2 protein chains.
Amino acid sequence: MFRKVLIAEDHEMTSISVTKTISELGIADTQYTYYCDDAMMLLKKAQQAGAPFDLLITDLSFEEDHRKQKIAGGEELIALSKSFQPNLKVLVFSAENKSALVDKLFTDFSIDAYVRKARHDAKDLRAAIEAIAQGKKYMTADLKQSVKVKNTFEFSSIDLTILKLLSAGTKQKDIPAYLQANKITPSGLSSVEKRLNIMKEVMGFSKNEQLIAYCKDYGII
Amino acid sequence: MFRKVLIAEDHEMTSISVTKTISELGIADTQYTYYCDDAMMLLKKAQQAGAPFDLLITDLSFEEDHRKQKIAGGEELIALSKSFQPNLKVLVFSAENKSALVDKLFTDFSIDAYVRKARHDAKDLRAAIEAIAQGKKYMTADLKQSVKVKNTFEFSSIDLTILKLLSAGTKQKDIPAYLQANKITPSGLSSVEKRLNIMKEVMGFSKNEQLIAYCKDYGII
DNA sequence: TGCCGCTCTACGGGAAACCGTAAGGAAAGG
DNA sequence: CCTTTCCTTACGGTTTCCCGTAGAGCGGCA
């Protein structure tokens with residue numbers, strides 16, 4: 001089992017429960033932070049002191065407040081942590097249930113476990129920590145399904161750009177100019193139209209308004 | 001202070017922390033459920049047994065799973081609870097930060113407190129419970145600001161209808177037919193255009209997509 | 001009743017978006 | 001080096017949307 005655990009989680013309530021769960025597993029040495037920058041600092045200090053953390057439990061999204069942060073969110077924190085302490089085990093504890101995102105975390109960021117904030121997350125978290133301790137990977141059950149079943153449409157970077165521009169009031173015909181100015185290809189008006197058509201077709205939508213509403217509902221933009 | 005508290009919250013971790021916070025306030029008799037239907041049942045039972053709950057702490061969104069529920073979410077739960085136990089105090093504990101939504105909860109559902117799941121939510125929750133116990137209303141600080149600032153334009157019923165139709169994929173020119181079918185006046189296409197123009201002008205917007213995005217962001221539709 | 005002010009509706013010209021088609025261009029493969 | 005294929009872009013015709021104007025309906029008031 002782990003000896004020293006760091007929790008990066010901006011919700012106080014969640015942080016309390018995570019701490020409690022860990023202490024129930026017999027891990028005495030836990031620290032927690034509400035900010036990514038603090039988490040980074042603690043990781044570095046611990047390593048320099050010769051007593052590095054061996055598990056990081058982190059959320060993905062951290063809300064901005066008066067304290068300006070260099071590290072914006074969980075992904076960045078994970079990447080930086082791994083870069084100077086590659087053996088650090090990482091458990092992501094987040095409400096996100098997008099299969100593509102979770103996949104990326106496992107492949108690109110080589111995390112060890114993903115626990116989704118949901119109905120039985122306390123049990124899941126315990127199971128995940130035990131699994132990692134045995135050198136296994138862990139993923140909440142519901143996500144395993146959704147990776148297979150909910151083959152939801154993957155919005156590309158340019159799709160998101162287009163949607164953001166539209167919801168910012170940009171006229172469709174003015175989008176090519178913006179794309180060119182920002183060196184984004186493809187930039188033709190037809191390509192913009194094509195992307196919008198594909199998005200709408202996949203979703204079974206007929207109008208841009210509908211698409212924007214959907215993306216807002218699911219936090220895509 | 002309260003004697004008997006019911007917690008309706010589908011996230012196990014959050015539920016644990018809420019329970020802990022409440023017990024720290026010296027409230028011994030707390031029960032928790034992961035489902036709205038269960039919450040409703042417990043409220044009814046308690047009242048029939050002559051020992052009703054005097055505080056309900058509930059989330060807004062409950063995830064669906066294998067257990068089919070009659071009550072879909074927090075709003076519905078609150079409405080039903082109040083209908084048969086009007087003196088029940090209600091504290092909403094949710095991650096939503098849409099001012100329009102929170103406003104609606106206070107005015108239409110006459111809740112007593114809204115605590116947003118955020119950085120200092122444990123402190124906020126404690127403060128909220130103490131405020132309610134003294135017969136006060138409570139709202140997290142960050143929301144007070146946004147309610148005041150953003151609550152400029154008053155969306156009429158027909159405005160909301162138009163916006164909902166648009167975001168459901170209805171063509172603008174087909175909206176008059178819908179309005180007539182539902183006996184809503186005015187129903188002319190020009191009137192629809194006029195309402196949209198007014199909304200956009202007030203907000204400083206130029207396109208419908210922008211308007212939809214705004215309304216989704218602030219929970220207006 | 002006749003005038004006035006108001007809102008809703010109808011119409012038409014122009015702009016933007018939609019949609020199909022075809023030409024241009026780069027990468028992959030023989 | 002050429003061909004095939006896929007993707008991007010360009011260009012028209014049609015639909016929808018946008019916007020200004022004008023007329024119709026309705027209540028208030030002298």
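By convention in this document, chain letters (A, B, ...) are assigned in the order of the sequence lines, proteins followed by strands, and residues within each chain are numbered from 1. Computed from a prediction, not measured in an experiment: that's the story for all the values here.
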* Asked: So do A:Ile78 and A:Lys82 actually touch side chain to side chain, heavy atoms under 4.5 Å?
  ->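 Of all side-chain heavy-atom pairs linking A:Ile78 with A:Lys82, at least one is under 4.5 Å.
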
Does any non-hydrogen side-chain atom of A:Thr170 lie less than 4.5 Å from one of A:Ile162?
no

Length of the [atom1]-[atom2] vector between [X] and [N], whole Å:
X	N	atom1	atom2	result
B:Ile162	C:dC8	CD1	P	11 Å
B:Arg195	D:dC17	CZ	P	19 Å
A:Met199	C:dA17	CE	C1'	15 Å
B:Glu201	D:dC18	CD	C1'	14 Å
A:Leu211	C:dC18	CG	P	11 Å
A:Leu179	D:dT9	CG	C1'	13 Å
B:Ile198	D:dC18	CD1	P	14 Å
B:Gln180	C:dA10	CD	C1'	13 Å

Quick one: is [X] getting a side-chain N or O under 4.0 Å of the [N] phosphate, OP1 or OP2?
X	N	result
A:Ser191	D:dT9	yes
A:Lys194	D:dT8	yes
B:Lys207	C:dA17	yes
B:Asn197	D:dC19	yes
B:Asn208	D:dC18	yes

Worksheet item: Base, sugar-phosphate, or nothing for A:Gln172, non-hydrogen atoms under 4.0 angstrom?
Response: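 Sugar-phosphate, backbone atoms only, no base.
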
ask   = A:Ser187 near the nucleic acid: base, sugar-phosphate alone, or nothing, with a heavy-atom cut-off under 4.0 Å?
value = sugar-phosphate

From the set [options], return the single nucleotide nearest to any side-chain atom of [X].
X	options	answer
B:Lys173	D:dT9, D:dC18, D:dC17	D:dC17
A:Glu193	C:dC19, D:dA10, D:dC18	C:dC19
B:Lys171	D:dG20, D:dC17, D:dA10	D:dC17

task = Indicate whether any N or O donor in one side chain lies under 3.5 Å from an N or O acceptor in the other, for A:Lys207 and B:Asn208.
result = no

query = So, B:Asp121 side chain and B:Arg116 main chain: donor-acceptor pair closer than 3.5 Å or not?
reply = no

Here the gap from B:Glu63 atom CD to B:Tyr35 atom OH, rounded to the nearest 0.5 Å, amounts to 10.0 Å

By nearest-nucleotide position on DNA chain C, the 5'-leaning member of B:Glu209 and B:Thr185 is B:Thr185

